[in-house]
Every structure is written in structure tokens, then in C-alpha cells.
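Residues take their numbers from the sequence shown, with the count starting at 1.
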Amino acid sequence: MSRDFEFQQLLRAYRKGIISQSTFESEMASLEAAAPTTNGNGNGGAGFKAFGRTYKSERAAVVSFLDKVRVGEANGGEAFAAWAEVCTTDCIRTGIRIVAEREAYHSRVFAQRLAELGGEARAMTSEAGRKATAYLGNPSIPDNEKLLDFTKRVGKPEDAIKPICEFAALLKEDLSTKEALRLFAEDELSTAKWIWDSCAALNAPRRDASASASM
């Protein structure tokens, strides 16, 4: 990969707020010195640092990430599909189905990429994931409450995708996964923004009514 391409990727990530100024300056210094970074890409075995831990290599970090995210997205697809089946709010039902399909295809694509890298599918659905599916598929819980719960757990859309963007920015060798993660982040951002907007719309009347009652 040419240094010009690396520079453009770094500059794009910095301008979009994906990486901090200090990270941008550090990466630029490495580029200008034509020296290897400290992320395990030919640095003599120092390891690849991501998500607060050190992996043996960039590939090891990618394989671990793909394995976990494939399961998480598959569970997300099942959870939103279960919600769509019991959704009683017409204006969001089709949107929820779209989200379910997004989550499901993310899982399929990442599973395929994991196989291409020779990685093993080891991660399993967690108890928290099973509870999320049961919660969203519960017909006795109102849709507006489910939206509120989602926004509280996931947080602001831009913050929710930050770890994905930061990881993608670190990848120097696996450009296929790097670009896939950029698209993945955009999908997740779109989903989160839609849910936040829907939550605000469906919960606004209740807040207005509560405010009027207290006056």
C-alpha cells in the first residue's frame, strides 16, 4: 500500500472525527519516518493493540473481532425479527424489519470473511444476547419502551460506532476488512439514528402530556 493512500485514509479518518488529533499526528510521524507502527504490522513481534488489549498480529485481532461481531449481528437479526413479529406500531414495523435484515447480512458477510482468513467460528450467543431477543420479542412490552431501552443501552449513535471506526483506522494490511468495517459502521450509524429519531417521535406525546399534567 502506497504512503499516499495511507495518508489519504488517515486524513479522512481525522476529518470525520474517527481518530483523535494525537492519533493522527502519531500515525503521520510514523509515515514520514517510513517506520513501522506499534500495531503488529512488521514491528518485530511487538503485537497489535486494539480494544484495550494486545494481539499477536493484526490478523489475530481481525479474526477475533470478526468471530465476535458475526455472532452479535446474527443475534441482532434474530432479536429485531422477533420484535417485528409483535410490533404494534405501524410506522416503525417495516423499519424494524429492515434493521433485522441488516444485522443478519452483516453476520453472513463477516462469517464469510472469517472463513476466508482461515479463522474458526468459536464465539457463541451470550446470555445477554438471548435476553435481548426475549425482551424485544415480548408482545406485552410497548414499542416505545423498547425504543427507550435501546437508546439507553447503546448510547448516542456516533459514540456507538466509534470503536468500529477506530479499529478500522488501525488496519494496515487487511484492506478488505478495513473497507468492510467502514460500510458496517455506516449501516450501524444509520440504524442507531433511525431508532433514536423513532424513540423521540413515539415518546414525545407522553412527555408532553406529563408536562401538562404537572402544570
**Asked** Got a sec, which pairs hit salt bridge (charged side-chain N to carboxylate O under 4.0 Å, His left out) with one end in residues 114-124, sequence neighbours left out?
**Response** Arg113-Glu116, Glu120-Arg122
**Sequence neighbours excluded - salt bridge (charged side-chain N to carboxylate O under 4.0 Å, His left out) pairs with any residue from residues 151-160** =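 For residues 151-160, and leaving out neighbouring residues, the salt bridge (charged side-chain N to carboxylate O under 4.0 Å, His left out) pairs sorted by first residue read Asp149-Arg153.
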Please tell me if the side chains of [X] and [Y] come closer than 4.5 Å, counting only heavy atoms from C-beta onward.
| X | Y | value |
| --- | --- | --- |
| Ile92 | Cys87 | yes |
| Trp196 | Pro157 | yes |
| Asp187 | His106 | yes |
| Asn138 | Val86 | no |
| Thr89 | Pro142 | no |
| Arg59 | Asp174 | no |
| Val62 | Tyr55 | no |

**Asked** Residues two or more places apart in sequence or in another chain: which of them pass side-chain hydrogen bond (donor to acceptor under 3.5 Å, both in side chains) with Gln112?
**Response** none
Is the backbone of [Y] close enough, under 3.5 Å, to the side chain of [X] for a donor and an acceptor to pair up by distance?
| X | Y | value |
| --- | --- | --- |
| Asp67 | Ala121 | no |
| Ser190 | Glu186 | no |
| Arg70 | Ala123 | yes |
| Glu58 | Glu173 | yes |
| Ser64 | Ala61 | no |
| Asn75 | Val71 | no |
| Ser107 | Glu103 | no |
| Lys178 | Leu171 | yes |

**Prompt:** Among pairs that include at least one residue of residues 107-135, which meet ring pair (Phe, Tyr, Trp, His ring centres under 6.0 Å), considering only residues two or more places apart or in two chains?
**Reply:** Phe110-Phe184
**Prompt:** What ring pair (Phe, Tyr, Trp, His ring centres under 6.0 Å) pairs are there with at least one residue in residues 152-175, not counting sequence neighbours?
**Reply:** Phe51-Phe167, Phe65-Phe167
If hydrophobic clusters are built by linking Ile, Leu, Val, Met, Phe, Trp and Tyr wherever their side-chain heavy atoms come under 4.5 Å apart, do [X] and [Y] end up in the same one?
| X | Y | value |
| --- | --- | --- |
| Phe48 | Leu117 | yes |
| Phe80 | Val154 | yes |
| Ile98 | Trp83 | no |
| Ile141 | Leu147 | yes |

Shortest non-hydrogen contact from [X] to [Y]?
| X | Y | value |
| --- | --- | --- |
| Gly137 | Pro139 | O-CD, 3.2 Å |
| Arg130 | Thr125 | NH1-O, 2.9 Å |
| Cys199 | Leu148 | SG-CD2, 3.5 Å |
| Ala84 | Arg97 | CB-CG, 3.6 Å |

**Request:** Run the numbers on Ile96 and Trp194 for side-chain contact (heavy atoms from CB on, under 4.5 Å), then give the verdict.
**Result:** CA-CA 10 Å; Ile96 292 172; Trp194 179 78; 4.0 Å; yes
**Verdict with supporting geometry, Arg102 and Thr191, side-chain contact (heavy atoms from CB on, under 4.5 Å)** = CA-CA 9 Å; Arg102 277 181 176 174; Thr191 291; 2.8 Å; yes
**Asked** Can you tell me how far CG of Leu181 sits from CG of Leu170, rounded to the nearest 0.5 angstrom?
**Response** 10.5 Å
**Message:** As an exercise, state the distance from CD1 of Ile161 to CD of Glu188, rounded to the nearest 0.5 Å.
**Reply:**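 Spacing of CD1 (Ile161) from CD (Glu188) equals 9.0 Å.
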**Message:** For a quick check under 3.5 Å, do Arg93 and Thr88 share a side-chain donor-acceptor pair by atom type?
**Reply:** no
**Fill in**
Sorted by chain and residue number, the salt bridge (charged side-chain N to carboxylate O under 4.0 Å, His left out) partners of Asp143 (sequence neighbours excluded) come out as none
